[in-house]
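See structure below.
Please read all numbers here as calculations on a predicted model, not as lab measurements.
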Amino acid sequence: MAFMSRREKIEAMLQEDPTDTFLRYSLAMEYRSEGDSANSLQRLGELTRDATPYVPAFFMAAQQLVDLNRISEARTLLRDGIDEARRQGDSHAAAEMSELLASLGALGESGSDGSLDDDDL
């Protein structure tokens, strides 16, 4: 029997149930751990657009966008995620995303020269 990676195992399980939210999220996170941000962000984005959006996907996608220095996109995703978390009654997730949003401060704001002073860190 051939060795299967974690991602391959998750993909095989998704063949049986392509709508399984947790498996879809797990696959996105596996792509992230493999360094494949594009596929990870695509999968997380799909989860945020489901009929009932998967709240953790907003937070994880925003974290990746911050890592990629795509601050404006991260900020938008966090605001949407906070709104969705509140709609779903998930105050813990809303608070986590609010903290990340606040920690971004003025990073990536237009009108800023993009440089950081020690005071910004």
Mind listing the closest non-hydrogen atom pair of [X] and [Y] along with its distance?
X: Gly105; Y: Arg75; answer: O-NH2, 2.8 Å
X: Leu23; Y: Leu14; answer: CB-CD2, 3.7 Å
X: Pro53; Y: Phe58; answer: CB-CE1, 3.8 Å

Inset, instruction - Could you tell me which residues satisfy side chain to side chain contact (heavy atoms under 4.5 Å, CB included) with Ala61, sequence neighbours excluded, listed by chain and number? - result: Leu41, Leu44, Leu77
Legend entry - Any residue meeting side chain to side chain contact (heavy atoms under 4.5 Å, CB included) with Val55, in chain and number order, not counting sequence neighbours: Glu84, Ala85, Gln88, Asp90, Ala93, Met97
Inset, instruction - Mind checking the OG-CD spacing from Ser91 to Glu96? Nearest 0.5 Å is all I need. - result: 10.5 Å
Legend entry - Distance (rounded to the nearest 0.5 Å) between Ser5 OG and Glu11 CD: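 These two atoms lie 7.0 Å from each other.
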Using the rule that Ile, Leu, Val, Met, Phe, Trp and Tyr join whenever any side-chain heavy atoms are under 4.5 Å apart, tell me whether [X] and [Y] fall into a single cluster.
X: Leu78; Y: Leu68; value: yes
X: Met60; Y: Phe22; value: yes
X: Val66; Y: Ile82; value: yes

Inset, instruction - Would you check if Thr52 and Thr21 make a side-chain contact, meaning some heavy-atom pair closer than 4.5 Å? - result: no
Legend entry - pair Ile71-Leu65: side-chain heavy atoms closer than 4.5 Å: no
Legend entry - Salt-bridge criterion met for Arg7 and Asp36 (N-O under 4.0 Å):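 A salt bridge is absent here (no side-chain N lies under 4.0 Å from a carboxylate O).
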Legend entry - Short side-chain to backbone donor-acceptor contact, Ser40 and Met29, under 3.5 Å: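 Absent.
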Legend entry - Main-chain N/O of Leu100 paired with Ser103 side-chain donor or acceptor, under 3.5 Å: yes
Inset, instruction - Please collect all salt bridge (charged side-chain N to carboxylate O under 4.0 Å, His left out) contacts where either partner lies in residues 13-31, sequence neighbours excluded, each pair once. - result: Arg6-Glu30, Arg24-Asp50
Inset, instruction - Applying side chain to side chain contact (heavy atoms under 4.5 Å, CB included), run through Arg32 and Asp67 and close with a yes or a no. - result: CA-CA 11 Å; Arg32 180 183 186 177; Asp67 292 345; 3.2 Å; yes
